[in-house]
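A short worksheet on the structure shown next.
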There are 2 protein chains.
Amino acid sequence: MAKTFRRTRQRESVRAVIEAATRPLRADEVLFLAREQVPELGLATVYRTLKLLVDEGELAEVKLRSGATRYEPVQREHDSFFLCDACSRAFPIEARLTNELALPDGFTMRRREVTLLGTCPTCSENQAHSG
Amino acid sequence: MAKTFRRTRQRESVRAVIEAATRPLRADEVLFLAREQVPELGLATVYRTLKLLVDEGELAEVKLRSGATRYEPVQREHDSFFLCDACSRAFPIEARLTNELALPDGFTMRRREVTLLGTCPTCSENQAHSG
DNA sequence: CTACGTGCAAAAAGTTTGCAATCGC
DNA sequence: GCGATTGCAAACTTTTTGCACGTAG
């Protein structure tokens with residue numbers, strides 16, 4: 001029998017925060033933002049809810065070089081990000097790659113991800129002013 | 001005055017293990033392998049040595065989806081990996097991408113990384129046999 | 001009512017740091 | 001000998017889990 005999922009204030013707040021975000025968020029960012037709606041919300045619940053939503057196919061996990069896991073709605077899921085060396089923020093980008101991948105025999109590709117490393121406009125400016 | 005670096009059995013063993021590897025290794029893998037040479041080697045020393053070698057420009061850090069950091073010699077540094085969903089091992093690949101990246105104004109790209117997610121030959125076989 | 005969900009605290013996993021003992025140079 | 005290096009244990013960070021209480025349906 002399929003498990004039944006309950007609609008709780010905690011889950012709704014996590015969902016709402018991710019939906020409202022313009023870039024993938026970390027668990028602690030979700031906690032901070034969701035507590036505006038549900039102050040007693042705990043970090044464990046955030047993690048449990050994020051995992052649940054990922055399993056349900058509603059959210060996608062994004063893991064980039066910085067190490068921290070980020071989450072975004074699948075409808076808006078990107079396979080390409082620009083990751084700023086200076087501020088570590090991740091920006092979704094459109095990377096149209098006409099690829100020719102020499103994938104050896106036996107390997108099965110499920111998905112491709114592209115990460116661009118560099119400096120974002122904000123940090124470029126700051127460096128120019130301070131250098 | 002520049003710091004002097006000493007040549008120790010511990011450092012040499014870490015170096016040797018990474019040099020001998022055919023794929024980027026995690027710290028715990030380095031520890032396990034290097035202990036064949038230096039049994040009393042500690043994990044903290046592995047981390048300290050890896051960081052030292054990265055700072056020296058001898059090793060490169062590789063961070064992929066699985067979360068754990070891997071290390072490989074810079075001479076063999078790859079910008080493209082195949083990461084197995086099942087066993088989490090990382091395989092260097094050649095990804096010749098003829099790209100056309102629409103990078104917005106103000107962004108400066110320093111480097112590009114491509115990660116392929118999927119199943120490696122070993123795990124494909126195991127799944128076939130057990131499924 | 002009752003199984004699912006929550007908050008808290010403790011546990012894990014990966015990495016870093018403090019410190020006294022050790023060792024390269 | 002002196003200062004760099006090491007091993008151990010403890011601290012830290014991020015994520016997961018155990019448990020008793022709370023609550024949606």
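A note on names: the letters A, B, ... follow the listed sequences, proteins ahead of strands, and every chain is numbered from 1.
- For A:E61 and D:dT15, the CD to C1' distance is 11 Å, given to the nearest whole Å.
- Taking the side chain as every heavy atom from C-beta outward, A:T119 and B:R110 never approach each other to under 4.5 Å.
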(request) Encode nucleotides 20-25 of chain C as B, S and - characters from 5' to 3', where the letter depends on protein heavy atoms closer than 4.0 Å: B to the base, S only to sugar-phosphate, - to neither. (result) ---BBS
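- For the pair A:Q10 and C:dG7, the criterion of a side-chain N or O lying under 4.0 Å from OP1 or OP2 is met.
- Within residues 20-41 of chain A, no residue approaches DNA chain D, by heavy-atom distance under 4.0 Å.
- For the pair B:K51/B:D55, a side-chain contact is recorded, criterion being any heavy-atom separation below 4.5 Å from C-beta on.
- Membership of the apolar cluster around A:L33 extends to A:V14, A:V17, A:I18, A:L25, A:V30, A:L31, A:F32, A:V38, A:L41, A:L43, A:V46, A:Y47, A:L50, A:L53, A:V54, A:L59, A:Y71, as traced through chained side-chain contacts below 4.5 Å between ILVMFWY residues.
- Of all the heavy atoms in A:G42 and A:R35, the pair that sits closest is CA-NH2, 4.2 Å.
- Remark: C1' of C:dT15 and CG of B:L50 are 11 Å apart, rounded to the nearest angstrom.
- When all heavy atoms are compared, the tightest approach of B:F82 to B:C120 is CE2-N, 3.9 Å.
- We find that CG of A:L52 is positioned 9 Å from P of C:dT6, with the value rounded to whole Å.
- Rounded to an integer number of Å, the gap from CG of B:L43 to C1' of C:dA13 is 11 Å.
- Rounded to whole angstrom, the span from the CD atom of B:E56 across to the C1' atom of D:dT5 amounts to 15 Å.
- The two atoms that bring A:P24 and A:R70 nearest to each other are CB-CB, 3.6 Å, heavy atoms only.
- Going from atom CE of B:M109 over to atom CG of A:L117 covers 10.0 Å, rounded to the nearest 0.5 Å.
- Rounded to the nearest 0.5 angstrom, A:E56 CD and A:F5 CZ are separated by 4.0 Å.
- Listed pair A:T69 / D:dT15 meets the phosphate criterion, a side-chain N or O lying under 4.0 Å from OP1 or OP2.
- Between its two ends, the helix from C:dC1-D:dG25 to C:dC25-D:dG1 turns its axis by 20°, counting five pairs per end and rounding to 10 degrees.
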With the criterion being N/O to N/O and under 3.5 Å, what pairs connect the protein with nucleotides 17-21 of chain D, and how long is each?
unit_1	atom_1	unit_2	atom_2	d
D:dG18	O6	A:R48	NH1	3.2

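- Taking every heavy atom of both residues into account, A:S124 and B:G106 meet most closely at OG-O, 3.7 Å.
- Screening residues 19-32 of chain A for salt bridge (charged side-chain N to carboxylate O under 4.0 Å, His left out) gives A:E19-A:R76, A:R23-A:E29, A:R26-A:D28, A:R26-A:E29 as the qualifying pairs, with residues at least two apart or on separate chains.
- Summarising the geometry, atom CD belonging to A:E58 is positioned 11.0 Å from atom OG1 belonging to A:T49; distances are rounded to the nearest 0.5 Å.
- Looking at heavy atoms from C-beta onward, A:R9 lies out of side-chain contact with A:E12 at the 4.5 angstrom threshold.
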